[in-house]
Amino acid sequence: MNIQVYKNYEAMSLAAANLLAAQVRLKPTSVLGLATGSTPIGLYRELIRQHQTADLDFSRVRTVNLDEYLGLAPDNPQSYHYFMREQLFSGINLQPENCHFPDGCAADFDQETDRYDQLCRELGIDLQILGIGRNGHIAFNEPADTFPVPTHVVDLTPSTIEANRRFFERAEDVPRKAITMGLGAIMSARRILLLAAGEEKAEAISYLKQGKADPQVPATILLLHTNVTCLVDEAAASRL
Ligand code: F6R
């Protein structure tokens, strides 16, 4: 795995944005896999800047997001749909019909998980952006005895619920469940960029150096992928 260490969050975000922008310039019909959370915010800010000042064109790009909380409708300010509109989509020229999410309010989650896997297969992800949880989760593939492959509904672990607490006013409002892309669709991406910033990610990142795929640290499945670039700031690299 190619691990690149940057001085700080801004430098890491700029490097990630430049890679993603290159992908879109080389292939204007790219399919991008997108993540939410604090980590990609700087990357999204820079993409908006490059769209506004350097003609970075997203009109033919398609996107698939990693996950959504269960029971939160797209217009709920805590939903990941809303987050993406706020942090990226409203500042660039993606066509709304080209932006896809798993549906956290689906009537039938068996059908919805199948639909999302099929969609990801049909589109074919060119470049997948990932953050990483303190417990090593990617998307909401939480530590388990085996690597979860299909899109699925997941009970978030106490550590993830605690980490997500900062986005909600009251602890009881933090969703306990999510629908998440599984590791199958993530690993099918042609290229993956994993981003991590801050000391609280250092332990999870340190497992990527050990070379052992362990479902208790879901991100270690990335060791089996041939095209992963891991961009970290110095704090996240502090245990490498
Ligand atoms: C978000 C996602 C999660 C986050 C991870 C890190 O769509 O799938 O895996 O990437 O929880 O979150 P932050 O970036 O907030 O530390």
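In listed order, ligands and their atoms are each counted from 1.
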- Task: Mark the output for M181 as yes if a heavy-atom distance to ligand 1 is under 4.0 Å, and as no if none is.
- Result: no
- Any K201 heavy atom less than 4.0 Å from ligand 1: yes
- Atom indices of ligand 1 within 4.0 angstrom of G37 heavy atoms, with elements: 14 (O), 15 (O)
- With side chain to side chain donor-acceptor pair (under 3.5 Å) as the test, would you mind laying out the steps for N164 and Y69 before giving the verdict? CA-CA 11 Å; N164 293 346; Y69 287 125; 3.1 Å; yes
Please write down residue, atom name and distance for the protein heavy atom closest to [atom].
atom: atom 8 (O) of ligand 1; result: D67 OD2, 2.6 Å
atom: atom 11 (O) of ligand 1; result: H137 NE2, 2.7 Å
atom: atom 1 (C) of ligand 1; result: T36 OG1, 3.1 Å
atom: atom 10 (O) of ligand 1; result: G131 CA, 3.4 Å

- dist L240:CG -> L208:CG (nearest 0.5 Å) comes out at 8.0 Å
- With F101 via ring pair (Phe, Tyr, Trp, His ring centres under 6.0 Å) - residues at least two apart: H81
- Query: If we only count N/O pairs under 3.5 Å, is Y80 in contact with ligand 1?
  - Reply: no
- Query: Is there a nitrogen or oxygen of A139 sitting under 3.5 Å from a nitrogen or oxygen of ligand 1?
  - Reply: yes
- Is the closest basic N to carboxylate O distance between R165 and E162 below 4.0 Å? no
- Task: Answer yes or no: is there an ion pair linking D126 with R191, defined by an N-O contact shorter than 4.0 Å?
- Result: no
- Query: Among all residues two or more places apart in sequence or in another chain, which pass the side-chain contact (heavy atoms from CB on, under 4.5 Å) test with N135?
  - Reply: H137, E142, P143, T157, S159, T160
- Counting heavy atoms only, which of I132, L156, T39 is nearest atom 6 (C) of ligand 1? I132
